[in-house]
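What follows is a set of notes on a single structure, which appears directly below.
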Amino acid sequence: MSELSKAYEPQSVEDKWYDFWVKQGCFTADPARVSSSRPAYSIVIPPPNVTGVLHMGHVLNNTIQDILARKARMDGKEVLWLPGTDHAGIATERQVEKAVGKEEHKSKHDLGREEFIKRVWTWKEKHGGIIISQLKKLGCSCDWTRERFTMDPDYVACVTKVFIELYKKGLIYRGKRMVNWCPVSQTALSDEEVEMRPQKGILYHFKVEVAEMPGTWLSIATTRPETIPGDTAVAVNPRDARYAQLIGKHVVRPLPAELAREQKLIPIVGDEAVDFEFGTGVLKVTPAHDMADFAIGERHNLPRIDIMNPDATMNDLAGADLKGLERFRARKVAVEKLEELGALLEAKPYENNVGFSQRAGVPIEPRLSEQWFLKYPSVAKSKACVAGSSGSASVPSPAPSAGKMRFHPERWAKVYDHWLANIQDWCISRQLWWGHRIPVWSKRIPGNDFTKLGINEADAAHFANEFGKNSSEGGVHFAHSFSASGETSDCHVFVAKEGTTEIRALTTSLKEKASLDGLGFTQDPDVLDTWFSSWLWPFATMGWPVKTPELNAFYPTSDLVSGPDIIFFWVARMIMAGYEFMGDLPFRNVYFTGIVRDKQGRKMSKQLGNSPDPLDLIAKYGADAIRFGTMRSAPLGQDVLFDEKDVELGRNFCNKLWNACRFRQLQGGETQGEINASKLRSDDKWILLKLHQAIKDLNVAFAEYNFSEATAILYRFFWNEYCDWYVETTKALFSGDDASKKANALAVMDFVLSHTLRLFHPFLPFITEELWHGMGYAEDMPGEQGGRSILFAPWPKSFDSDTRDHYALDDCYLDHVNARFELITQGRDLRRQARVASNKKVRFVLKPSRDLPPNDIEVMKLLLNADPFEVNADYEPPKGVLSTKAEMGELYLPLEGLIDAVAETARHKKELEEIQSEIIKVEQKLANPNFVNKVPPAVLAEHRQRLEDWQGKRAHIQKLLDGLSDA
RNA sequence: GGGCGAUUAGCGUAGUGGUAGCGCAGCUCCUUUACACGGAGUAGGUCGGAGGUUCGAAUCCUUCAUCGCCCACCA
């Protein structure tokens with residue numbers, strides 16, 4: 001390879017290698033290769049919104065997935081990381097609506113449904129690839145040959161099939177119920193899409209007269225006076241002595257003002273739900289506009305007056321004064337009206353929680369509406385299917401037992417269980433156009449005269465016959481072909497209102513659909529909640545309901561990486577769908593990331609402008625840098641405070657890695673294969689032992705999904721241990737002329753670097769691949785074991801005992817080399833005290849505490865920048881010399897005169913005080929009989945050693961002090 | 001109202017009973033040929049408060065405080 005440039009330039013290598021990987025099919029999974037010796041590893045990507053752009057949350061989430069996938073490849077697994085995008089109903093529809101409005105000044109209604117959907121597809125084609133290309137820039141090793149979209153034809157068929165199955169099981173039903181209505185999007189929302197926000201408002205008190213007792217007034221508190229026209233009762237608690245006797249009587253509702261008194265009479269009902277502590281203890285009941293009131297209305301059979309339009313303006317029933325007004329404007333007018341009527345008693349500031357549409361950011365309107373609902377399936381199985389995460393820090397988590405999965409961090413299991421224990425039926429219909437259209441065609445006929453269906457006589461007779469089997473309650477299900485194509489629809493026939501019969505036909509067949517349209521059946525106009533397609537993602541993307549090789553090999557998936565914010569929307573629902581349709585969990589492990597915030601802890605948002613564009617960061621620092629920086633600053637289970645500094649650090653780290661390889665390269669050509677065990681210096685053994693330890697620590701971090709810990713281990717090993725110490729010691733050899741020793745050190749370097757590159761690869765895919773080839777390490781490996789790409793190089797193993805014996809890697813070398821480094825650090829501090837510039841050679845004298853091999857002397861000389869460096873066991877230091885004592889000996893920095901005796905004395909005295917206080921601490925412990933008797937022997941010995949060390953230091957300083965006072 | 005999490009140096013974070021660590025920022029010195037996207041050294045913490053258990057507590061227990069998140073139909 002040509003000589004490496006002085007600094008790493010990511011721009012020149014990233015695209016090159018990404019193209020290489022894709023062209024070589026490195027990311028493509030082959031189900032046929034899965035075997036007992038080559039286990040499968042799979043992840044499905046949380047599909048980003050198809051028209052979305054990459055943000056820091058994606059970077060965090062997908063970097064983790066990529067690390068897992070790349071690590072699994074190096075572990076010799078057959079890896080499928082299945083990518084794709086989500087059609088994101090509301091978000092995309094609004095985006096396109098806005099664009100159409102801006103460019104053509106048209107609404108979606110102006111265009112019509114069919115034309116609008118065409119526009120969405122055009123939009124999707126134009127913008128849909130953006131986020132995918134961004135993921136590629138980040139280095140994601142997804143199997144792009146299997147990219148999926150939640151609106152792909154086979155995916156649509158899959159969603160439809162699921163709908164029909166659940167419908168037939170009676171789990172999906174249509175009903176007129178209170179739903180969360182978003183007046184902006186003009187659609188129903190699920191409970192999960194509603195976000196409670198505290199709102200500053202006003203609590204109004206107004207009075208109503210009891211009709212049967214003129215002159216008796218009740219006072220009622222409300223935050224929503226504009227809904228008074230919709231009130232159909234007032235409720236009190238039957239146990240409330242103040243009001244119980246009024247139950248059954250009536251009050252006069254003040255609005256709409258123009259109605260006659262008798263038209264405004266509403267009953268007083270008794271209901272336990274009324275809290276008599278709150279407000280006045282009298283509750284206005286508006287069954288059509290409040291969830292709780294709806295329930296009260298059901299219990300007391302109250303009429304429901306819907307006084308609003310879908311866009312939350314008031315309708316005719318709200319009365320002449322409010323009609324046509326927007327709801328908050330109507331509130332003001334209603335208050336004015338009450339005031340005019342003399343009914344308003346007080347208005348005081350009040351803060352309460354109001355449900356907001358998460359997406360549109362406006363208060364939702366509880367609204368009575370006909371929608372499709374799902375009773376969640378497989379709830380019982382989904383409960384308690386989460387096993388605890390590995391509790392022990394040092395033991396890798398074992399494979400979960402069958403039917404169990406693990407959450408990381410474990411605490412999310414509680415959140416999941418709690419949600420599952422309290423779920424209500426899921427409102428799955430949305431009044432949108434972009435999405436999976438509900439596959440239900442319906443037609444209503446008078447009586448049960450099936451000839452009115454427009455079908456032939458035989459079919460009509462068939463219907464009548466089937467219907468006759470059970471026309472009583474929920475109706476009857478049977479299959480029927482409307483298209484004479486042999487394909488069938490699932491029919492559901494039941495008695496609807498007013499002596500009519502309703503026929504619903506559910507089908508996935510295009511021919512059936514056409515026939516149904518021809519027969520005057522109408523398809524339900526609504527589409528399904530986007531999550532109703534996402535919850536099938538793990539198996540729908542693998543070809544279900546066909547039993548594909550992918551499903552055989554890769555389902556259940558191994559890991560899921562998700563943000564905790566979609567634990568209910570997505571994760572929990574996927575678990576239920578997995579059980580219901582696959583009979584098994586969709587994944588074995590779920591890793592929940594934190595939320596990415598800015599460095600002040602604020603959520604990233606467009607408004608605040610605190611959300612950096614990851615692509616800018618990649619352009620500026622490189623993809624590896626943003627990956628490493630993000631991982632390094634993302635602590636396990638906590639939010640991530642993003643700071644560009646972290647990316648900068650990632651870039652610096654890559655540059656360090658680059659230059660460490662460059663240094664190796666500059667020392668001489670050939671890759672050195674064989675390490676000669678007999679020629680290893682203590683430093684060589686030290687770095688090999690450190691490498692061994694780093695691999696072990698790294699494996700633990702991986703088992704715990706602790707990626708910030710993993711990067712910290714890599715950082716420490718490579719920068720602090722390899723670069724700062726080991727490489728520096730080799731310079732003592734390289735300046736010498738012992739060729740065989742030099743070659744051996746190069747062999748150690750090659751060994752360490754080739755291992756290090758592999759350890760780094762999941763985190764830094766690009767630079768490691770570049771260096772893997774550039775340094776020639778690829779050539780040393782078989783093709784599919786790293787020869788072609790570092791992607792498939794085996795993950796390094798920590799050393800077994802044979803290897804340790806062969807290289808004589810005894811832990812005593814750690815102690816020995818550490819002791820030498822300690823002495824060097826202290827010696828460098830002496831230079832600082834003496835104000836000797838670090839580039840200036842200066843004389844040091846070492847009075848060693850034991851015999852030292854020549855390598856130690858050479859290394860110390862070099863790293864202290866000492867010249868001369870004298871080793872003299874009998875050294876008699878002159879008075880007042882700068883000195884330090886360490887385990888390996890006493891080090892002196894003798895300078896010609898110029899010692900500030902006063903300053904030195906003061907410094908030593910301070911030092912002595914500190915040492916003294918440490919000695920007292922240890923002595924006190926050792927003097928305590930409880931301590932000596934109860935403590936484990938190792939701890940006791942360690943304390944005694946510590947005391948000895950401190951005492952030695954004290955004696956040394958004392959000697960120096962004595963010398964100074966003599967001088 | 002319930003639940004969960006956090007509180008350790010200026011900032012960010014590690015640390016599950018035995019001498020409080022790391023990174024960034026700071027300060028000092030160094031362009032000594034792998035790297036100034038660097039090297040060397042250094043300062044900075046009574047581990048949120050108060051009790052308790054223990055020979056010994058950042059760590060275990062109790063309690064309080066502050067911050068954050070999630071869940072919840074008090075009008």
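In this text the structure is predicted, and so the values were computed from the model without any measurement. Throughout, protein chains are lettered first and strands after them, A, B, ... in sequence-line order, and every chain is numbered starting at 1.
Distance check on atom P: B:C67 versus B:C73 gives 25 Å, rounded to whole Å. B:A14 and B:G48 have their P atoms separated by 14 Å, given to the nearest Å. Rounded to whole Å, the P atom of B:G15 lies 28 Å from the corresponding atom of B:U53. To the nearest whole angstrom, the two P atoms, one in B:G45 and one in B:G39, are 26 Å apart. Spacing between B:G44 and B:C22 at atom C1', rounded to whole Å, works out to 14 Å. Distance check on atom C1': B:G17 versus B:C4 gives 26 Å, rounded to whole Å. For B:G18 and B:A36, the C1' atoms lie 42 Å apart once the distance is rounded to whole Å. One P atom belongs to B:G12, the other to B:U7, and the distance between them is 11 Å to the nearest Å.
Toward the 5' end of RNA chain B, the nearer of the two residues A:Glu918 and A:Asp191, judged by each one's closest nucleotide, is A:Glu918. Mapping A:Glu351 and A:Glu192 onto RNA chain B by nearest heavy atom places A:Glu192 closer to the 5' end of the strand.
Considering only the side chain of A:Val415, B:C70 comes nearest among B:C70, B:U19, B:A25. In the set B:A75, B:C70, B:G23, B:A75 carries the atom at the smallest distance from any side-chain atom of A:Thr222. Side-chain proximity of A:Arg632 to B:U19, B:A75, B:C22: nearest is B:C22. Nearest nucleotide to the A:Asp275 side chain, out of B:C30, B:G5, B:C74: B:C74. When distances run from any side-chain atom of A:Tyr715 to the nucleotides B:C24, B:A75, B:C4, the shortest one goes to B:C24. Of all nucleotides listed (B:A75, B:C73, B:C71), B:C73 comes nearest to the side chain of A:Ala292. Which of B:U19, B:U13, B:A34 sits closest to the side chain of A:Trp950 comes down to B:U19. You'll find that the side chain of A:Asn839 is closest to B:C30, out of B:U19, B:A34, B:C30. For A:Leu649, whose side chain is taken as the heavy atoms from C-beta onward, the closest listed nucleotide among B:G18, B:C71, B:C24 is B:C24. With distances taken from any side-chain atom of A:Leu641 to the nucleotides B:C70, B:C71, B:U13, the minimum falls on B:U13.
For the pair A:Arg651 and A:Tyr621, the cation-pi test (distance below 6.0 Å, angle within 45°) is failed. A cation-pi arrangement is not found for A:Arg843 relative to A:Phe869, the charged atom failing to lie both closer than 6.0 Å to the ring centre and inside a 45° cone about the ring normal.
In this structure, A:Phe707 and A:Tyr705 have perpendicular ring planes: the angle between them is above 60°, well past the 30° mark. The aromatic rings of A:Phe931 and A:His943 sit perpendicular, their planes meeting at an angle over 60°, well past the 30° parallel limit. Between A:Trp658 and A:Tyr8, the ring planes lie tilted relative to each other; the angle falls in the 30° to 60° range. Classified by interplanar angle (parallel below 30°, tilted 30° to 60°, perpendicular above 60°), the ring pair A:Trp412/A:Phe592 is tilted. Using bins of under 30°, 30° to 60° and over 60° for the plane-to-plane angle, the ring pair A:Phe653/A:Phe718 lands in the perpendicular bin. Classified by interplanar angle (parallel below 30°, tilted 30° to 60°, perpendicular above 60°), the ring pair A:Phe278/A:Tyr350 is perpendicular.
B:C71 atom C1' lies 7 Å from atom CZ of A:Phe568, rounded to whole Å. Atom CD1 in A:Ile423 sits roughly 14 Å away from atom C1' in B:C71 (whole-Å rounding). Separating the CD1 atom of A:Ile220 from the P atom of B:A75 is a distance of 15 Å, rounded to the nearest angstrom. Put simply, NZ on A:Lys284 is 8 Å from C1' on B:A75, counting in whole angstrom units. A straight line from CG of A:Asp271 to C1' of B:A75 spans 13 Å, rounded to a whole angstrom. The interatomic distance linking A:Glu193 (CD) with B:C71 (P) rounds to 13 Å, in whole Å. Rounded to whole angstrom, the span from the CG atom of A:Asn706 across to the C1' atom of B:A14 amounts to 10 Å. B:C4 atom P lies 10 Å from atom NE2 of A:His418, rounded to whole Å.
Within the 4.0 angstrom heavy-atom criterion, no nucleotide atom of any strand lies near A:Lys620. A:Tyr204 comes within 4.0 angstrom of no nucleic acid atom, judged by non-hydrogen atoms across all strands. A:Ala837 comes within 4.0 angstrom of sugar-phosphate atoms only, judged by non-hydrogen atoms across all strands, and of no base. Among the atoms of the strands shown, only primed sugar atoms or phosphate atoms (P, OP1, OP2) are found under 4.0 Å from some heavy atom of A:Arg411. Residue A:Pro929 is out of contact with every strand shown, counting any heavy-atom pair closer than 4.0 Å. Using a 4.0 Å heavy-atom cutoff across all strands shown, A:Asn352 reaches sugar-phosphate atoms only and no base atom. No contact: A:Val285 has no heavy atom under 4.0 Å from any strand.
Distances shorter than 4.0 Å separate some side-chain N or O of A:Gln638 from OP1 or OP2 on B:A14. Taking only side-chain nitrogens and oxygens, A:Lys731 never comes nearer than 4.0 Å to OP1 or OP2 of B:U32.
Using a cut-off of 4.0 Å between Lys/Arg side-chain N and Asp/Glu carboxylate O, A:Glu365 and A:Arg224 are scored as salt-bridged.
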Legend entry - Chi angles and distances behind the side chain to side chain donor-acceptor pair (under 3.5 Å) call for A:Asn180, A:Asp191: CA-CA 7 Å; A:Asn180 308 298; A:Asp191 295 343; 3.0 Å; yes
Inset, instruction - Give the intermediate values and the outcome of ring pair (Phe, Tyr, Trp, His ring centres under 6.0 Å) for residues A:Tyr591 and A:Phe407. - result: CA-CA 6 Å; A:Tyr591 175 89; A:Phe407 280 8; over 10 Å; no
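Remark: RNA chain B forms stems of 3 or more consecutive Watson-Crick or G-U wobble pairs, all pair distances under 3.5 Å, at B:1-7 with B:65-71, B:10-13 with B:21-24, B:26-30 with B:38-42, B:48-52 with B:60-64.
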Legend entry - Under 4.0 Å protein heavy-atom contacts per nucleotide of nucleotides 36-48 of chain B, with B for base, S for backbone only and - for none: -BSBSSS------
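With A:Asn928 contributing its side chain and A:Asn930 its backbone, the two residues share a donor-acceptor pair below 3.5 Å. Formation of a donor-acceptor pair under 3.5 Å by the A:Asn659 side chain with backbone atoms of A:Asn655 is found in this model.
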